[in-house]
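Structure, as structure tokens:
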Amino acid sequence: MLIVFNPVAGSRRRSRLLRAMALLPAARLAETAGPGHAEALARAAAQAGEDCVVAAGGDGTIAEVAAGLLGHATALGILPLGTANVLSLELGLPHAPEAAARLLLAGHAMPLWPGIARFADGGSRLFVQMLGAGFDAEVVRRLDPRLKRATGRAAYVWQTLATLPRYGFPPVTARLDGGAPLAAGAVVVTKGRLYAGPFLLAPGATPLRPGFQVALIRGGAARAALAGALLPLGLLPRLPGLVLRPASHVALDGAGVPAQADGDCCGGLPVSIEDAAAPLRVILQRPGE
Ligand SMILES: Nc1ncnc2c1ncn2[C@@H]1O[C@H](COP(=O)(O)OP(=O)(O)OP(=O)(O)O)[C@@H](O)[C@H]1O
């Protein structure tokens, strides 16, 4: 077992890492030195035949490790040490480091279907939970990482309020499975039910099956502000102007519209999104536990 630890994820959670590692004496530790390093570490471990690579960080670290494991039999383990930890909440993984470590030893591997986003410059990006285009990506783009580390999720609230009057809400066009273009002010393509933490967005979605739920959100700043108010109440699916549609392939276009994947900036539109060719194996609780 290799643990890939992102030392800048969350609020620098080294003490939580050490609590987990105390129960994993056979595990090796590698620290990331910068963006993209987790993917390289995971790929090298998979090519060397490692049975499990544990992403110790947040959703961005998990996505990088998952990208490195794609096409290999090596299982993905998760030690949630990030800020939002949306995928671990989605999968019902324990938050306490000791419980997470016990799960890594005793859990079982299930298929996890990540999404792949392909951009116009030829680049691609794997995501495990969601890709957002529009306002939420602008919030992520403007977010000061030091503020995020210091205040956690509160930084997103502050940055959302600061971005609302400044973002022009350029239109986004979405084509789902080659259908007619649908217009929106913002779009979230999600693998899972949850968004921005433990908050409901797309009931019925699951990253354990192929396909996406696509949230098309009409309107501008007033609608985005209302979305922000409904989010912590778990009422986002009832936002007026929000439509949820299932899709296997999503094409998004829009001049000057930024995109974010799993909470990290990933360029801008146009982008084409589909499932990875094959699932990963992610370690989960055994049913009934
Ligand atoms: N040593 C490093 N220095 C700076 N950035 C790093 C380093 N190692 C990894 N990163 C980057 O840090 C980014 C943020 O990590 P991650 O998403 O895991 O934490 P988080 O943002 O706190 O958690 P969450 O996404 O759950 O809110 C990753 O996208 C990764 O590319």
Side-chain angles (χ1 to χ4, degrees), residues 2-17 20 29-45 53-69 76-95 97 100 112 114-117 119 123-132 136-160 188 190-199 201 207 231-232 258-267 282:
L2 173 71
I3 297 178
V4 174
F5 172 58
N6 176 350
V8 305
S11 313
R12 301 181 187 268
R13 306 252 159 91
R14 193 175 296 273
S15 62
R16 290 170 55 80
L17 169 77
L29 177 65
E31 283 195 23
T32 59
H37 194 197
E39 178 175 346
L41 289 167
R43 182 168 296 118
V53 176
V54 178
D59 294 309
T61 307
I62 298 170
E64 287 193 13
V65 169
L69 299 183
L76 168 69
I78 296 173
L79 201 48
L81 300 179
T83 307
N85 299 309
V86 186
L87 183 66
S88 74
L89 292 164
E90 181 79 42
L91 299 175
L93 300 178
H95 184 66
L112 178 84
I116 308 286
F119 295 91
S124 65
R125 173 88 173 215
L126 178 149
F127 62 95
V128 286
Q129 185 67 18
M130 54 90 202
L131 181 141
D136 70 347
E138 183 68 4
V139 171
V140 167
R141 194 179 72 78
R142 288 173 179 262
L143 193 67
D144 179 347
R146 287 165 303 177
L147 184 68
K148 180 172 153 182
R149 279 198 286 279
T151 66
R153 284 189 204 148
Y156 285 99
V157 177
W158 185 89
Q159 192 60 62
T160 297
V188 179
T190 183
K191 292 294 312 180
R193 293 171 302 127
L194 304 180
Y195 177 77
F199 309 120
L201 169 64
L231 179 74
Q260 58 97 6
D262 292 326
D264 290 318
C265 292
C266 66
V282 64

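For the single chain, residues carry numbers from 1 onward in sequence order. When a ligand or atom number is given, it counts from 1 through the structure's own listing order.
- The N/O atoms of Gly10, backbone and side chain alike, include one that comes under 3.5 Å of an N/O atom in ligand 1.
- Heavy atoms of Ala63 found under 4.0 angstrom from ligand 1: none, in either backbone or side chain.
- Within the 4.0 Å heavy-atom criterion, the part of Asp262 lying near ligand 1 is the backbone and not the side chain.
- Distance NZ/Lys191 to CG/Leu87: 11.0 Å, rounded to 0.5 Å.
- Note on ligand 1: Glu64 sits in its first shell, one or more heavy atoms being nearer than 4.0 Å.
- The shortest distance between side-chain heavy atoms of Phe5 and Leu79 does not fall below 4.5 Å.
- Two residues are said to be in side-chain contact when any heavy atoms from C-beta on lie closer than 4.5 Å; Leu91 and Pro207 meet this criterion.
- Once rounded to the nearest 0.5 Å, the distance linking CG of Leu143 with SG of Cys265 reads 9.0 Å.
- Residue-level proximity to ligand 1 for Asp59 is carried by backbone and side chain together, each with a heavy atom below 4.0 angstrom.
- Ile3 has its side chain within reach of Leu17: a pair of non-hydrogen atoms, C-beta onward, lies under 4.5 Å apart.
- Residue Gly58 has at least one N or O atom closer than 3.5 Å to an N or O atom of ligand 1.
- Contacts with ligand 1 closer than 4.0 Å are made by no heavy atom of His37, backbone or side chain.
- The protein heavy-atom contact nearest to atom 29 (O) of ligand 1 is Asp264 OD2, 2.6 Å.
- The side chain of Val8, and not its backbone, has at least one atom closer than 4.0 Å to an atom of ligand 1 (non-hydrogen atoms only; side chain from C-beta on).
- Between Gly60 and ligand 1, an N or O atom pair is found at a separation short of 3.5 Å.
- The ligand atoms of ligand 1 that sit less than 4.0 angstrom from a heavy atom of Ala84 are 24 (P), 26 (O), 27 (O).
- For atom 10 (N) of ligand 1, the nearest non-hydrogen atom of the protein is Asn6 ND2, 3.5 Å.
- Looking at heavy atoms from C-beta onward, Tyr195 lies in side-chain contact with Val188 at the 4.5 angstrom threshold.
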